[in-house]
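What follows is a short report on a single structure.
Residue numbers start from 1 in every chain, and the chains themselves are labelled A, B, ... in the order their sequence lines are given, proteins ahead of strands.
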Protein chains: 2
Amino acid sequence: MNALGHFTSLQKSKVEEELFSAVTALEAPESLKESMLYSLKAGGKRIRPLLLLAVMETFGNETEQGLKTAAALEMIHTYSLIHDDLPSMDDDDLRRGLPTNHKVYGEAVAILSGDALLTKSFELVADSPFDDRSKVKIISMLSKAAGAEGMVGGQVADIEGESMALSLEQLESVHKRKTGKLLEFAAVAGGVISGLDEHELNKLRLFAEHIGLAFQIRDDILDIEGDEAEIGKPVGSDEGRQKSTYPAILGMQSAKEKLDDHLYKARELLYELHNEPALLLELTDLIGSRKN
Amino acid sequence: MNALGHFTSLQKSKVEEELFSAVTALEAPESLKESMLYSLKAGGKRIRPLLLLAVMETFGNETEQGLKTAAALEMIHTYSLIHDDLPSMDDDDLRRGLPTNHKVYGEAVAILSGDALLTKSFELVADSPFDDRSKVKIISMLSKAAGAEGMVGGQVADIEGESMALSLEQLESVHKRKTGKLLEFAAVAGGVISGLDEHELNKLRLFAEHIGLAFQIRDDILDIEGDEAEIGKPVGSDEGRQKSTYPAILGMQSAKEKLDDHLYKARELLYELHNEPALLLELTDLIGSRKN
C-alpha cells in the first residue's frame with residue numbers, strides 16, 4: 001500500500017465517524033435522521049475531506065483539528081447530490097448504484113434532509129477545535145464556495161446550459177463553480193487551519209482549480225469509456241441527454257490531453273508549495289486515473 | 001406614531017437595504033438572483049430581524065452592529081417559505097397575495113434559490129462588525145435553530161403530523177421547533193451582540209418562547225377569524241386540510257385565553273430583564289393583536 005492508501009483508509013473512517021455521529025446525536029425526527037444518514041452512508045470517495053486533510057498532513061499539522069471541517073464539506077457535497085437528483089432537477093433514480101434519497105424517503109423529506117445537512121455543516125465548523133478567527137474565515141469561504149457564487153450558481157448555470165451547445169469557456173465556467181469551488185475550499189481551508197500565508201493559499205487555490213477541472217474531464221471520459229458497474233450509473237447518459245462535455249467539444253484525444261495538462265500544472269504547483277508533496281501528488285494521480 | 005412605529009419603519013428599511021444589496025452584489029446567474037430577490041421583496045413583517053434589533057436597542061447598543069445578522073435571519077425565514085410552498089410540501093400557489101416562487105421561476109430554481117439564501121445567511125454573520133467569538137457563537141446558535149433540531153425538524157414533524165389529530169403537547173412541540181426556534185434565536189442573538197450574560201440570555205430565550213407560541217396561536221385564530229385580503233391567503237385553509245390547530249384542540253375561547261397567557265408571561269419576563277422595556281412590550285402587543 002502506498003502513502004496515500006494508508007492515509008486514506010485511516011482518515012476516511014475518521015471522517016465517516018464524525019459524519020455519522022454528528023447526525024446520530026441530533027434531537028430530531030427519526031425519519032429525517034434516517035434520510036440524512038442514508039445519503040451520507042451511500043459511500044463515495046470522500047475526495048473533498050481527504051484533500052483538506054492531506055493538505056494539513058503535508059504541512060505537518062494534526063489532522064484531528066480539521067476533521068469537523070472535513071465532515072462539514074462532505075455534508076455539503078452530500079446535500080448537493082440529494083437536491084441535484086430531485087425530479088425537478090436531474091430526476092435521477094440511482095446514485096452510486098442505490099436508489100436516490102427521494103426515491104426512498106419521498107421528495108419532501110429529501111429536500112428537508114438536504115437543507116438540514118447544509119445547515120449542520122456550518123455548526124461543525126463553528127464547533128471545530130481551532131481559533132475563532134480561522135473559523136470565521138473558513139465559514140465565510142465555505143458559504144461563498146457552496147452558495148450562489150459557487151456550487152449553487154454553477155448548478156443553475158448547468159440547468160440553463162442543458163441541451164444548449166456550450167463553448168469550452170462556458171463549460172469550464174460551469175464546472176469551476178459547480179464542482180471546482182468546493183474542491184478549492186477543501187484545499188484552501190486545509191491551508192488556513194495549517195496557518196499558511198496568503199501567497200501559499202493562492203497557490204493551493206490554483207492547484208485545486210487544476211485538479212477540479214481534471215476531475216471533471218475524467219468524469220466526462222468515464223461516462224463514455226467507464227465500466228457501468230464501477231461508476232454506478234449507465235454509461236453514455238451524458239450523450240443521451242445531449243449534455244455538453246469535454247469529449248463532445250474537444251474530441252476524446254484532445255480531452256485526454258487537456259486532462260494531462262491540468263494534472264501537470266497541478267503537480268508543478270505542489271512542488272512550488274512544498275519539497276515533499278508525496279501525499280498530494282498521489283491524490284492528484286488518483287483523480288487523473290480514477291475508475292469511478 | 002408610537003415608539004415601535006418609529007423604530008420599525010427606520011430599521012425595516014435598513015434591514016431590507018442590507019438584504020437586497022447582499023443579493024444584488026452576488027456574482028451569480030441573473031435568474032437565480034431574480035428568484036432570490038423576488039421572495040425577499042415579497043414583503044412580510046420582518047418580525048424576526050426587528051426582534052433582534054429591538055433587543056439591541058433596549059440594551060443600549062448600536063443596531064448597525066446587528067444589521068447583517070438580522071438580514072441573515074430574514075434570509076433563512078424566506079428560504080424556509082420558498083421550500084415549504086413547493087409542490088412536494090404544502091403545494092401553495094400564493095404567498096402574501098403573490099404567486100409563490102416556484103410558480104414564477106419553476107421548481108428547480110426555487111429549490112436552488114432557497115439553498116442559496118440559506119448558504120448566504122452564514123456569510124452575513126461571518127462578515128458582521130462584532131467580535132469573532134460572538135460570531136462563532138451566533139453561527140452555532142443559528143445552525144441549531146434553523147436545522148434538524150429546530151426549524152427543519154419542526155417542518156418534518158409538521159408534515160408527519162398532518163391529517164393526524166395531535167395532542168396539545170405534540171402541537172406545541174411542532175411549533176416550538178418550526179417557528180419558535182428562529183424567534184428564540186432572534187432574541188438571544190440580539191442579547192449576545194449586546195454582551196448580556198447567560199442568565200439574561202436565558203430570560204430572553206424564555207420571553208421569545210412565549211411570544212413564539214403567542215404568534216402561532218394568533219396565526220391559527222386569524223385563519224378562522226381573519227380578513228382574507230389582509231392575511232393574503234384564503235380563510236379557513238387549515239380547517240380544509242384538517243390541520244391540528246389551537247382553536248381546533250382547545251376551542252376558540254380557550255385558545256384566546258392561552259394566547260393572553262403567553263403574552264402576559266412574555267411581558268413579565270421583559271420587566272425582569274429591563275426597567276424600561278417599552279419597545280419590546282409594544283412588539284409583544286403587536287404579535288398578540290396582529291391582523292396578518
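Of the atoms belonging to B/Lys144, heavy atoms from both backbone and side chain fall under 4.5 Å from chain A. Using a 4.5 Å cut-off between heavy atoms, B/Leu86 touches chain A through its side chain atoms alone. Heavy atoms of B/Ala25 lying under 4.5 Å from chain A belong exclusively to its backbone. Heavy-atom distances place both the backbone and the side chain of A/Leu112 under 4.5 Å from chain B. Of the atoms belonging to A/Asp127, it is side-chain heavy atoms, and not backbone ones, that fall under 4.5 Å from chain B. For B/Leu26, the parts sitting under 4.5 Å from any heavy atom of chain A are the backbone and the side chain alike.
Across all their heavy atoms, A/Glu123 and B/Ser140 have their closest contact at CG-OG, 3.9 Å. B/Lys120 and A/Ser143 get closest at one heavy-atom pair: CA-OG, 3.8 Å. The two atoms that bring B/Ile139 and A/Ala126 nearest to each other are CG2-CB, 4.2 Å, heavy atoms only.
In this structure, B/His83 and A/His83 have perpendicular ring planes: the angle between them is above 60°, well past the 30° mark.
Rounding to the nearest 0.5 angstrom, the gap separating the OH atom in B/Tyr79 from the CG atom in A/Leu118 is 7.5 Å. A distance of 9.5 Å separates CG in B/Asp115 from OG in A/Ser80, rounded to the nearest 0.5 Å. If you take CD on A/Glu149 and CG on B/Leu32, they are separated by 10.5 Å, rounding to the nearest 0.5 Å. To the nearest 0.5 Å, atom CG of residue B/Asp132 and atom CG of residue A/Asp131 are 8.5 Å apart. The CD atom of B/Glu107 lies 7.0 Å from the CD1 atom of A/Ile111; values are rounded to the nearest 0.5 Å.
Per-residue heavy-atom pair counts under 4.5 Å with chain A were compared for B/Pro87, B/Ser31, B/Ala108, and the maximum is reached by B/Ala108. Per-residue heavy-atom pair counts under 4.5 Å with chain B were compared for A/Met89, A/His102, A/Met141, and the maximum is reached by A/Met89. With respect to chain A, the highest number of heavy-atom pairs below 4.5 Å among B/Gly147, B/Ala148, B/Ala110 belongs to B/Ala148. Chosen from B/Pro29, B/Gly114, B/Ala28, B/Ala146, the residue pairing most often with chain A at heavy-atom distances under 4.5 Å is B/Pro29. Taking A/Ile159, A/Leu124, A/Val136 one by one and counting their heavy-atom pairs under 4.5 Å with chain B, the maximum is reached by A/Val136.
Against chain A, the residues from residues 171-194 of chain B that qualify, each with a non-hydrogen atom under 4.5 angstrom away, are B/Arg177 in number order.
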